[in-house]
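Numbers here simply count residues along the sequence, with the first being 1. Because only heavy atoms are used, hydrogens play no part in the values below, and waters and symmetry mates are left out as well, while side chains stay in.
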Amino acid sequence: YSGDCRPSDRLVEVGQGADLLIHEATFENGMEEEAVLKMHSTVSEALSISKRMNAKACILTHFSQRYPRIPPLRKEDSQLPFPVVFAFDFMKVTPDNIVTASKLTSALRMLYPEDIDEADAAEAA
């Protein structure tokens, strides 16, 4: 587990070959400067750590509450050789269902439309 931090070479070293990496991804791609300033990671930075450590699976967590959606993946991040799961509260992932959980991302994205505005949000509440 990465904790609440920037990407770490030390984590790559000690986590080599891990079955699972749980890594924070507070900021979406394109927000690298803000991630550095606030000592957090972007989605691609977290996935890069997972790839470098040869993790068998990666769960991304700790998304900023300012972005009420599942962060998008870059094309190269959507073709990784391991399952990637976007965590949410009360989610239960087991070794038996992690691949299935990773395949649900596109369906979950439909529940968090990118074009929702404040009027839509107020109406939905």
Side-chain angles (χ1 to χ4, degrees):
Y1 178 72
S2 71
D4 195 4
C5 62
R6 293 286 303 141
S8 165
D9 290 334
R10 180 76 176 125
L11 180 63
V12 171
E13 181 182 320
V14 299
Q16 274 301 308
D19 290 327
L20 174 65
L21 170 64
I22 301 172
H23 202 292
E24 73 106 325
T26 301
F27 293 101
E28 62 184 61
N29 298 322
M31 301 187 75
E32 289 77 12
E33 283 187 33
E34 192 165 356
V36 170
L37 287 172
K38 297 190 176 182
M39 299 298 294
H40 289 293
S41 300
T42 66
V43 170
S44 288
E45 288 173 328
L47 292 174
S48 174
I49 293 297
S50 189
K51 187 175 181 180
R52 288 175 49 210
M53 72 180 348
N54 297 307
K56 294 177 184 75
C58 182
I59 297 178
L60 299 175
T61 188
H62 196 251
F63 309 110
S64 174
Q65 295 302 309
R66 289 175 279 176
Y67 312 106
R69 63 189 174 117
I70 295 173
L73 289 176
R74 297 182 314 185
K75 184 176 181 177
E76 57 268 27
D77 290 337
S78 64
Q79 300 170 353
L80 293 167
F82 51 84
V84 175
V85 176
F86 288 85
F88 53 90
D89 290 348
F90 306 109
M91 182 177 191
K92 183 176 181 180
V93 179
T94 68
D96 292 335
N97 72 13
I98 197 161
V99 171
T100 301
S102 73
K103 293 178 181 178
L104 294 174
T105 301
S106 59
L108 291 171
R109 276 198 171 90
M110 292 189 311
L111 300 175
Y112 298 95
E114 293 184 32
D115 58 351
I116 193 166
D117 62 22
E118 289 180 32
D120 292 335
E123 186 177 308

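Legend: residues meeting side-chain hydrogen bond (donor to acceptor under 3.5 Å, both in side chains) with Asp9, ordered by chain and number and at least two apart, are Arg52. By the salt bridge (charged side-chain N to carboxylate O under 4.0 Å, His left out) test, Glu24 pairs with no residue at all, sequence neighbours left out. Every residue two or more places apart in sequence or in another chain that forms a salt bridge (charged side-chain N to carboxylate O under 4.0 Å, His left out) with Lys56 is listed here: Asp19. The side chain to side chain contact (heavy atoms under 4.5 Å, CB included) search around Ala101 returns Val85, Met91, not counting sequence neighbours. Evaluation of the salt bridge (charged side-chain N to carboxylate O under 4.0 Å, His left out) rule for Asp96 yields no partner, not counting sequence neighbours. In this view, Ser50 satisfies the side-chain hydrogen bond (donor to acceptor under 3.5 Å, both in side chains) rule with no residue, not counting sequence neighbours. Listed by chain and number, the residues in a salt bridge (charged side-chain N to carboxylate O under 4.0 Å, His left out) with Arg74 are Glu76, Asp77 (sequence neighbours excluded). Residues that satisfy the side chain to side chain contact (heavy atoms under 4.5 Å, CB included) test with Asn97, not counting sequence neighbours, are Val93, Thr94. Every residue meeting the ring pair (Phe, Tyr, Trp, His ring centres under 6.0 Å) condition with Phe86, not counting sequence neighbours, appears here in chain and number order: Phe63. Scored by the side-chain hydrogen bond (donor to acceptor under 3.5 Å, both in side chains) test, Glu32 finds no partners at all (sequence neighbours excluded). With sequence neighbours excluded, the residues satisfying side chain to side chain contact (heavy atoms under 4.5 Å, CB included) with Ser8 are Arg10, Leu11.
The backbone N or O of Phe27 sits nowhere less than 3.5 Å from a side-chain atom of Thr42 that would complete a donor-acceptor pair.
Residues Arg6 and Glu45 have side chains in contact (heavy-atom distance under 4.5 Å, counting atoms from C-beta outward).
Considering every non-hydrogen atom in both Gln16 and Met53, the closest pair reads NE2-CA, 3.2 Å.
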